[in-house]
Amino acid sequence: MTAAPADFASARSEFIRIDAPRVEDGAAIWRIARDSEVLDLNSSYSYLLWCRDFAATSVVARDENGDPVAFVTGYIRPDRPETLVVWQVAVDRSHRGKGLAATLLDALTTRVASDQGLASVETTITPDNTASDRLFTSFAQRHDAPLEREVLFDGSLFPEGTHLPEVLYRIGPF
């Protein structure tokens with residue numbers, strides 16, 4: 001993986017600090033996800049667990065008061081230990097349009113690559129999520145990595161019957 005422009009431990013931009021999430025951040029992360037109006041909202045409990053159990057593969061951006069304003073959650077695939085699956089990316093409305101999601105994604109992948117090695121990144125995106133498509137396509141371009149797309153879960157698999165397909169984006173190898 002090529003060097004990323006952000007360093008996990010010390011990245012700062014316009015009073016933003018990038019950090020690992022803490023359990024106390026779970027409620028704020030849940031609110032950011034809810035207010036995104038794009039993400040599938042998980043239970044508030046799941047965000048607390050995520051901050052506890054997957055802090056090593058997730059990041060938050062904090063404002064000058066230390067409050068979370070953006071996050072990326074991820075996990076390592078059990079059957080592919082060099083693959084980071086990015087679960088959710090969200091930026092508080094007041095901080096959008098500044099490249100914060102890309103900075104967080106670069107910081108997270110740099111950290112995971114340093115800590116345990118990283119061969120690829122996966123995520124799923126619905127066809128109507130233009131912002132996420134742009135984020136992950138530009139990530140692949142910045143890191144000069146191939147990007148493959150294929151439908152992972154057809155919309156008919158979801159119980160509500162109105163869910164769009166989830167398209168798997170596989171980026172790598174780095």
Side-chain angles (χ1 to χ4, degrees), residues 1-76 83-116 118 120-126 128-143 145 147 166 169 171 174:
M1 186 170 175
T2 59
D7 175 73
F8 181 79
S10 61
R12 296 184 189 283
S13 172
E14 197 177 306
F15 302 106
I16 299 293
R17 180 172 49 96
I18 298 175
D19 197 4
R22 301 183 301 257
V23 171
E24 305 81 52
D25 298 327
I29 290 172
W30 178 85
R31 279 191 292 279
I32 294 167
R34 179 199 64 199
D35 295 348
S36 76
E37 299 176 356
V38 175
L39 295 177
D40 288 336
L41 186 62
N42 300 298
S43 72
S44 55
Y45 178 74
S46 70
Y47 290 93
L48 295 171
L49 284 175
W50 206 280
C51 290
R52 185 191 75 169
D53 295 342
F54 298 106
T57 53
S58 301
V59 289
V60 295
R62 300 181 188 284
D63 65 12
E64 63 274 6
N65 298 319
D67 298 323
V69 296
F71 70 89
V72 177
T73 54
Y75 64 90
I76 299 299
T83 297
L84 173 68
V85 176
V86 175
W87 183 258
Q88 290 188 319
V89 178
V91 178
D92 183 81
R93 189 173 318 282
S94 65
H95 292 276
R96 291 183 190 156
K98 302 173 185 175
L100 187 52
T103 299
L104 284 173
L105 187 56
D106 284 343
L108 176 59
T109 55
T110 297
R111 180 173 189 263
V112 171
S114 173
D115 288 352
Q116 61 195 57
L118 186 63
S120 62
V121 170
E122 293 182 352
T123 195
T124 63
I125 302 172
T126 55
D128 64 341
N129 192 335
T130 306
S132 288
D133 174 70
R134 279 193 225 130
L135 173 65
F136 285 92
T137 299
S138 68
F139 175 83
Q141 292 168 346
R142 276 194 314 280
H143 295 279
L147 168 60
E166 289 285 347
Y169 283 51
I171 303 168
F174 296 107

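What you see is a predicted model; the values in this text were computed from it and never measured.
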Residue pair C51, I29: steps toward the side chain to side chain contact (heavy atoms under 4.5 Å, CB included) verdict: CA-CA 9 Å; C51 290; I29 290 172; 3.6 Å; yes

Apply side chain to side chain contact (heavy atoms under 4.5 Å, CB included) to residues Y169 and V121 and explain how you reach the verdict. CA-CA 8 Å; Y169 283 51; V121 170; over 6 Å; no

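D63 contributes a side-chain N or O that, together with a main-chain N or O of N65, makes up a donor-acceptor pair within less than 3.5 Å. Between the side chain of W30 and the backbone N or O of L41 there is no donor-acceptor pair closer than 3.5 Å. Between the side chain of R96 and the backbone N or O of A101 there is no donor-acceptor pair closer than 3.5 Å.
Across L135, V59, V89, T109, a single residue satisfies side-chain contact (heavy atoms from CB on, under 4.5 Å) together with L104, and that is V59. Tested against Y75 for a side-chain contact (heavy atoms from CB on, under 4.5 Å), the candidates V86, T83, V85 yield a single pass: V85.
Among all heavy-atom pairs drawn from R17 and G66, the shortest one is NH2-CA, 4.4 Å. Nearest approach of V60 to P21, heavy atoms of both residues: CG1-CB, 3.8 Å. Summarising the geometry of F174 relative to L118, their closest heavy-atom pair is CD1-O, 3.8 Å, with the distance given to 0.1 Å. Minimum heavy-atom separation, G74 to F54: O-CB, 3.7 Å. In plain terms, the two heavy atoms of L48 and A27 that are nearest each other are CD2-N, 4.3 Å. Closest heavy-atom contact between V69 and I32: C-CD1, 3.7 Å.
Screening residues 20-34 for salt bridge (Lys or Arg N to Asp or Glu O under 4.0 Å), with sequence neighbours left out, gives D19-R22, R22-E24, D25-R62.
Looking only at side-chain heavy atoms (C-beta outward), H95 and I16 come within less than 4.5 Å of each other. Side-chain contact check for E166 versus D40: some heavy-atom pair is nearer than 4.5 Å. Looking at heavy atoms from C-beta onward, H143 lies out of side-chain contact with I171 at the 4.5 angstrom threshold. At least one side-chain heavy atom of L108 sits less than 4.5 Å from a side-chain heavy atom of L84.
Here D35 pairs with nothing under the salt bridge (charged side-chain N to carboxylate O under 4.0 Å, His left out) rule; sequence neighbours left out.
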